[in-house]
Amino acid sequence: MSTHIAAAPGEIAETVLLPGDPLRAEWIAKTYLDDVTCYTQVRNMLGFTGTYRGRRISVQGTGMGQPSISIYVHELLAEYGAKTLVRVGSCGGLLADVAIRDLVIGISAATDSSINALAFDGFHYAPAADFSLVRAYVEKAEAAGARYHVGQLFSTDSFYHARPELRDRLTEYGVMAVEMEAAALYTLAAKFGARAMAVCTVSDNLVTGEETSADERERTFAQMVELALDAVAA
Ligand code: HPA
């Protein structure tokens, strides 16, 4: 096992879906995968492996925020040989037309985190998604007639930001939505030569004040996951 994941070598697939909530990981595994096994329960951050249309896929909870996702993604990449990582999360729309229930595919992720500032010492690294994954996801979203946007995410370290007015600048520069994990995921994937993408459903819009109901969040989450599974299994 690694420090935070209790899997034996070979128990985790090369392709891993990454919801923040471990109970969502369990729901994805039990709803969509066949021959499911739970490979870790450390800290209740559940991870499962199964098959989707005959292809091995794992689903690992990451927790919220860049420090938490960095732990799981680092161990998946460094110790379990993960090659394709897709975060399936939620985000807050920063543009008026990034409406609740829409999907946002993050081609890049700005951040207020100091993780990369420390790692790159004065350079401002631009965390970016893998193009082949983005293309595959967009093809599936198009075919399904889903409402989606492709653009920049903002990965914040503070859900309750000390200076929320700073987000207006991001809106001004066309940043589509705020979430809390993509920048760390993209940076780690690049470091280990793996492919990564984050797709998020818009749970609330910070410009219009609209919010989804719990029921709507569940339905849009399911559609986002189905498209992700189809995209990685293609
Ligand atoms: N901020 C950060 N992460 C989020 C938000 C938000 O407003 N909404 C959904 N995920």
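In each ligand, atom 1 is the first atom listed, and ligand 1 is the first ligand listed. Side chains are part of it too, since the values below use all heavy atoms of this structure and drop only hydrogens, waters and symmetry mates.
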Open item on the list: Tell me whether the rings of Tyr32 and Trp27 are parallel (<30°), tilted (30 to 60°) or perpendicular (>60°).
Closed with: perpendicular
- [ ] Tell me who clusters with Val178, hydrophobic residues only, linked when side chains sit under 4.5 Å apart either directly or through other members.
- [x]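 Reading the cluster by chain and number, Val178 sits alongside Leu94, Phe154, Leu170, Val175, Leu206.
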Task: Test item: Gln152 side-chain N/O and Ala109 main-chain N/O as donor-acceptor pair under 3.5 Å - done: no
Task: Main-chain N/O of Tyr39 paired with Thr37 side-chain donor or acceptor, under 3.5 Å - done: no
Open item on the list: Assess whether a salt bridge exists between Arg219 and Glu216, defined as any Lys/Arg side-chain N lying under 4.0 Å from an Asp/Glu carboxylate O.
Closed with: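 Answer for the salt bridge query: no.
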Show the short N or O contacts, below 3.5 Å, that ligand 1 makes with protein N or O atoms; if there are none, say 'none'.
from, atom 1, to, atom 2, distance (Å)
ligand 1, 8 (N), Gly92, N, 3.3
ligand 1, 8 (N), Asp204, OD1, 3.0

TODO: Please report the shortest heavy-atom distance between Ala198 and Ala182, naming the atom on each side.
DONE: CB-CB, 3.9 Å
